[in-house]
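This report concerns only the one structure given below.
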Amino acid sequence: MRWLIPAAGLALAGCNIPSEFLQRMESQAKYEYYETSEFWADGRAMRTPPEGTVPRERPVGNPGLTTGRVNGTLVSSIPLELNHEVLALGQKKYNIVCSQCHGRLGDGNSVVAENMALRLPPSLLQLSDKPDGHFFVAVTEGYGVMPSFAGELNIQERWAVVAYVRALQQARNSQAGGQPLPQENR
Ligand code: HEC
């Protein structure tokens, strides 16, 4: 601690005041990028990281979150904390990226669907028995003739869209007051 206070003072002063503390770091023995080294047989100071080394930035340990699958099995529930913000994000992204084909309500009624000849975008409301991972994987990898949307939506946005699709399913498939919703509202 005794070191830190004068050092911080010098750093704040922002000029080249010689300081034994700072100079020692500057002049310590160390290799620079691409420098040669006599220590290693190949003469290179930069070493290849051991096999299996993973960059710190890469998300690890949560394949369910990043791929929608754990050991090949679709994850059953969204691996994110769900709150109002996530749902609002999902709604926004769904309306931008998915609704023109699957419809604002997820029921497959859309202008694009009306004019599509090849294969119609299915209603997403009938897929409530599918695990959450199914939707994430469909959006991430593409599904049949539907392309991947991984370029449009990052991982968090994709899960947020899944959460919103679930909300659409619940809203449309739920029973009001114990009665099924009238047909025209479904
Ligand atoms: C360009 C139109 C289009 C867009 C945009 C689109 N989809 Fe699709 N989607 C389709 C079509 C068509 C299929 C059926 C593909 C097939 O069966 O070959 C499909 C299939 C799916 C399926 C699989 C359905 C099943 O039977 O299991 C899911 C889930 C899905 N889409 C979700 C989404 C979500 C979420 C988005 C937005 C991120 C989205 N789609 C955007 C056209 C689209």
Side-chain angles (χ1 to χ4, degrees), residues 33 48-186:
Y33 296 127
T48 307
E51 205 175 320
T53 305
V54 173
R56 230 172 33 175
E57 302 74 32
R58 191 187 300 168
V60 283
N62 202 344
L65 176 74
T66 53
T67 69
R69 289 194 187 93
V70 177
N71 297 328
T73 306
L74 294 168
V75 299
S76 56
S77 58
I78 298 171
L80 277 189
E81 198 192 318
L82 294 184
N83 52 36
H84 184 75
E85 272 173 22
V86 171
L87 261 187
L89 175 70
Q91 179 178 40
K92 185 174 154 204
K93 295 295 174 182
Y94 178 90
N95 285 339
I96 295 171
V97 183
C98 321
S99 71
Q100 69 272 32
C101 287
H102 291 282
R104 298 278 288 196
L105 302 176
D107 55 8
N109 291 325
S110 67
V111 182
V112 174
E114 276 169 25
N115 293 295
M116 248 169 123
L118 188 58
R119 192 165 317 165
L120 294 184
S123 163
L124 300 176
L125 304 181
Q126 279 140 23
L127 303 171
S128 36
D129 55 335
K130 298 271 185 193
D132 288 343
H134 173 73
F135 299 88
F136 183 85
V137 169
V139 174
T140 303
E141 299 175 3
Y143 183 95
V145 297
M146 182 181 89
S148 159
F149 293 98
E152 284 77 12
L153 304 168
N154 66 29
I155 287 171
Q156 211 220 350
E157 290 165 344
R158 273 174 261 157
W159 283 117
V161 164
V162 176
Y164 184 66
V165 170
R166 287 303 197 205
L168 286 175
Q169 288 175 347
Q170 271 175 26
R172 307 309 286 177
N173 298 336
S174 65
Q175 302 192 343
Q179 297 295 318
L181 289 170
Q183 198 57 43
E184 58 271 24
N185 289 339
R186 294 194 102 179

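Remember, it's 1-based here, ligands and their atoms both numbered in the order they're listed.
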query = Arg119 to ligand 1: N or O pair under 3.5 Å?
reply = yes
task = Would you mind telling me if ligand 1 is within reach of the side chain of Val162, the backbone, both or neither, using heavy atoms under 4.0 Å?
result = neither
inquiry  = In the structure I gave you, are the side-chain heavy atoms of Leu82 and Leu87 within less than 4.5 Å of one another anywhere?
reply    = no
inquiry  = One pair to check against side chain to side chain contact (heavy atoms under 4.5 Å, CB included): Glu81 and Val86. What are the steps and the verdict?
reply    = CA-CA 8 Å; Glu81 198 192 318; Val86 171; over 6 Å; no
N/O separation below 3.5 Å, Lys130 to ligand 1 = no
query = What residue and heavy atom of the protein are closest to atom 5 (C) of ligand 1, and at what distance?
reply = Val97 O, 3.1 Å
Heavy-atom closest contact (Glu141 atom, Arg69 atom, distance) = OE2-NH1, 3.0 Å
His134 and ligand 1 - part of the residue with a heavy-atom distance under 4.0 Å = side chain
task = Check the pair Thr140, Thr67 against side chain to side chain contact (heavy atoms under 4.5 Å, CB included), reporting the backbone distance first and the verdict last.
result = CA-CA 8 Å; Thr140 303; Thr67 69; over 6 Å; no
inquiry  = Measuring only between side-chain heavy atoms, which start at C-beta, is His102 closer than 4.5 Å to Met146?
reply    = yes
ask   = Considering only the protein, which heavy-atom contact is closest to atom 29 (C) of ligand 1, and what is its distance?
value = Phe135 CD2, 3.5 Å
query = Closer than 4.0 angstrom: is that true for some heavy atom of Val161 and an atom of ligand 1?
reply = yes
ask   = Side chains of Ile78 and Phe136: closer than 4.5 Å at any heavy-atom pair?
value = no
task = Please state whether Glu152 comes within less than 4.0 angstrom of ligand 1, counting heavy atoms only.
result = no
key: Any Trp159 side-chain heavy atom under 4.5 Å of Leu65 side chain   = yes
task = Report the nearest protein non-hydrogen atom to atom 41 (C) of ligand 1: residue, atom name, distance rounded to 0.1 Å.
result = Phe149 CE1, 3.3 Å
inquiry  = Can you confirm whether Leu153 sits close enough to Val97 that some side-chain heavy atom of one is under 4.5 Å from a side-chain heavy atom of the other?
reply    = yes
query = Hey, are the side chains of Arg104 and Asn95 touching, using non-hydrogen atoms and a 4.5 Å cut-off?
reply = yes
task = Could you tell me whether the side chain of Phe135 reaches within less than 4.5 Å of the side chain of Val161, counting heavy atoms only?
result = no
note = So the protein N/O/S atoms within less than 2.8 Å of atom 8 (Fe) of ligand 1 come down to His102 NE2, Met146 SD
ask   = Which ligand 1 atoms, with their elements, are less than 4.0 angstrom from a heavy-atom of Leu153?
value = 38 (C)
query = Which atoms form the tightest heavy-atom contact between Leu127 and Arg166, and what is the distance?
reply = O-NH1, 3.7 Å
